[in-house]
Amino acid sequence: MEHTIEMINVTKTIRKSTVVNDVSLKLTSDKVTGLMGINGSGKTMLMRLMTGLIRPTEGSVIIDGKELHKDISFPDSCGLLLENPAFIDSYSGYGNLELLTSVRGRATAEDIRNAISLVGLDPDDKKKYRKYSLGMKQRLGIAAAIVEKPDIVIMDEPTNSLDTDGVDMLKGVIREQKNRGALVVLSCHDMLILKELSDITYKIESGIIVAGEEVGEAR
Amino acid sequence: MFCRLLRYDIRKGLISDYKKLLIVVAISVAFCIQFRWEYTSHFSSLSEASFGDIIFFAFSGMSEYTFSPDQPFLFPALWVLLLVLPMFFVLYYPFYDLLGFGKNVLIQVGRRRTWWLSKCAWTAVYIMTYFLIIYAVTAVFCIVMRIPLSTQISGETHEMVAMKGYNPMLNGEGHLVEFMGRMDLQLFVLPVISMVALALFQMMLSLIVSPIYSFIISVGILISSAYYMNPFLIGNHCMTQRSNLVVSNGMDIKNGVLLSLCMAVFSIVLGMIAFNRTDVLSQPLRDE
């Protein structure tokens, strides 16, 4: 099944400041979408709008044919990495994901182990999250976003704190999500990396989509 | 889904954060020792003291304050500390959870109402745990000191509190009038439900103003309760000295329960409406 996110004339104003301005987009699961723009350009707000965490001031966001805040409050199946992941300091990586997935109860222990392994961490590592390096924290955040095999995967600056091995790992993760039919949206301020990771990119400036570019089979 | 979410909240916001509750253990030990010291400085031994006496002492608060140049306002520090602490402990978790992977959880849950109700239930569980720790530490202290685990309030405690300037309604035998049974509600139920109600009110306010301002308002309500003997200031219902079991013009337990229930329901409903309209941003809601 193909998954879609459609934004129709979406505007978001916070305290008289327009952070997303009349954006219309249609994203599909056959292409990995990259959002690029400088800090404060509106990438994260756009992602928050897609996830239902914030409401559009005008316009509508439609996920797989259902309108957010009208038919549904949040996407039915969505994995998220938004800004810096924050987990419980005193738990291991496995313990954190086990707690996170306990709410829906959809992921098995095997799913958790696979997700942790996929991002290059050791599922049997008892090291507490507080002792993780920044790169390990980011990897665990990526694992949290994909552990339940969601239909939609949204990652804001997933390359933050990752070294070159980490970026390679991320490419593999994104490829796997695309192959299993998930709709993937990424944001990054580094155009070169984003083009490596995405099939189509949109450039955002001051909350407006100023350019869209098909990257092709970059991988 | 609600039960699983509540279990997640309890694990994340209570069990994994258990170190905070060690402070409650320390404070409880401290007031037990203070009770022992004050009691034995007035009376030769602890032979008449009971578990109920210590709880009565801890939550005694202060008698009605009437402004007069001769009567300085004696700040009921222990009472304020015991009630402000749980308000602080439950202040940030619901909103800081949203800054971390709580966002993922909210999306997984799929309904804002479920998320809000779980946080309300978590708040109630947290406050109940807080009071349970106080009662448990006090019970252990009693066992160690060979103080009976009875909830009966002794005549000595009446005297001790009376020496601090309060006038208990004593019967001919020197015992407080009408203490039987209902004092248990005043000691063990009313503080818990009043503080649950105030904590829910604080959480609702956090959505509308911000966590820090809502905490200031909660503390303001508690301190105002010490200054003004008014049934609508909920702190009055948590002071054993201001119960109508102790003073004739005191607070009625039924009114305390009713006020707490109304405040809790109002906070839950209004908070649910407010959270439905709240944008989940990168900082604690309205603090951004």
Side-chain angles (χ1 to χ4, degrees), chain A residues 12-15 19 44-45 47-57 63 68-69 72-91 95-107 128-129 137 140-141 143-148 150 152-154 156, chain B residues 1-22 92-119 121-122 210 272-288:
Chain A
K12 179 66 186 176
T13 305
I14 297 177
R15 292 182 182 166
V19 291
T44 306
M45 283 297 167
M47 291 180 150
R48 283 177 190 276
L49 285 160
M50 289 174 193
T51 57
L53 289 171
I54 60 175
R55 288 167 180 271
T57 311
I63 311 279
L68 276 181
H69 309 293
I72 47 173
S73 298
F74 299 102
D76 289 334
S77 173
C78 178
L80 183 66
L81 171 71
L82 207 54
E83 296 155 330
N84 298 323
F87 293 91
I88 300 176
D89 280 347
S90 56
Y91 282 25
N96 269 297
L97 292 201
E98 191 264 328
L99 176 61
L100 176 63
T101 54
S102 68
V103 178
R104 284 246 274 222
R106 284 188 183 172
K128 304 267 193 280
Y129 179 72
K137 288 178 178 177
L140 191 64
I146 60 168
V147 65
E148 292 193 321
I152 295 170
V153 178
I154 295 179
D156 186 19
Chain B
M1 180 67 88
F2 174 80
C3 292
R4 282 204 292 253
L5 182 57
L6 179 58
R7 202 167 55 198
Y8 157 86
D9 280 326
I10 290 171
R11 280 179 68 187
K12 190 174 180 203
L14 178 60
I15 296 170
S16 75
D17 203 22
Y18 71 93
K19 284 178 188 163
K20 264 194 224 164
L21 293 170
L22 296 178
Y92 281 110
Y93 167 68
F95 304 107
Y96 275 120
D97 181 46
L98 281 180
L99 302 184
F101 65 43
K103 282 191 290 283
N104 298 51
V105 171
L106 176 62
I107 291 169
Q108 282 177 16
V109 168
R111 296 176 77 180
R112 285 171 181 249
R113 187 168 58 185
T114 310
W115 185 92
W116 175 254
L117 289 176
S118 173
K119 291 296 180 279
W122 169 85
S210 76
M272 197 187 293
I273 294 166
F275 187 59
N276 268 329
R277 297 173 181 182
T278 299
D279 285 336
V280 179
L281 295 165
S282 56
Q283 290 172 41
L285 305 170
R286 309 283 168 171
D287 273 353
E288 56 82 43

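In what follows, every chain begins at residue 1, and chains take the letters A, B, ... in the order their sequences are listed.
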Set of ring pair (Phe, Tyr, Trp, His ring centres under 6.0 Å) partners for W115(B), sequence neighbours left out:
F275(B)
Using the rule ring pair (Phe, Tyr, Trp, His ring centres under 6.0 Å), only one of Y8(B), F2(B), Y93(B) pairs with W122(B); which is it?
Y93(B)
Report the option among S90(A), A144(A), P150(A), S102(A) that has the most heavy-atom pairs separated by less than 4.5 Å from atoms of chain B.
S102(A)
If we define contacts as heavy-atom pairs under 4.5 Å, which of N104(B), D17(B), L5(B) has the most with chain A?
N104(B)
Residue from V109(B), L6(B), N276(B), D97(B) scoring the most non-hydrogen pairs under 4.5 Å with chain A is N276(B)
Go through R7(B), K103(B), M1(B) and name the one with the most non-hydrogen pairs under 4.5 angstrom from chain A.
K103(B)
Taking all atoms of both residues into account, what is the closest heavy-atom pair of M45(A) and I54(A), and its distance?
SD-CD1, 3.5 Å
Interchain contact, R111(B) with chain A, by part (heavy-atom threshold 4.5 Å)
backbone
Exam field: side chain R112(B) to backbone R277(B), donor-acceptor pair closer than 3.5 Å:
no
Could you look at T51(A) and say if it's the side chain, the backbone, both or neither that has a heavy atom under 4.5 Å from chain B?
both
CG of L100(A) to CD of E148(A): how many Å apart, nearest 0.5 Å?
6.5 Å
Checking heavy atoms, do the side chain of N96(A), its backbone, both or neither come under 4.5 Å from chain B?
both
If I measure from the heavy atoms of chain A, does L106(B) come under 4.5 Å with its side chain, its backbone, both, or neither?
both
Which residues share a salt bridge (charged side-chain N to carboxylate O under 4.0 Å, His left out) with K128(A), sequence neighbours left out
none
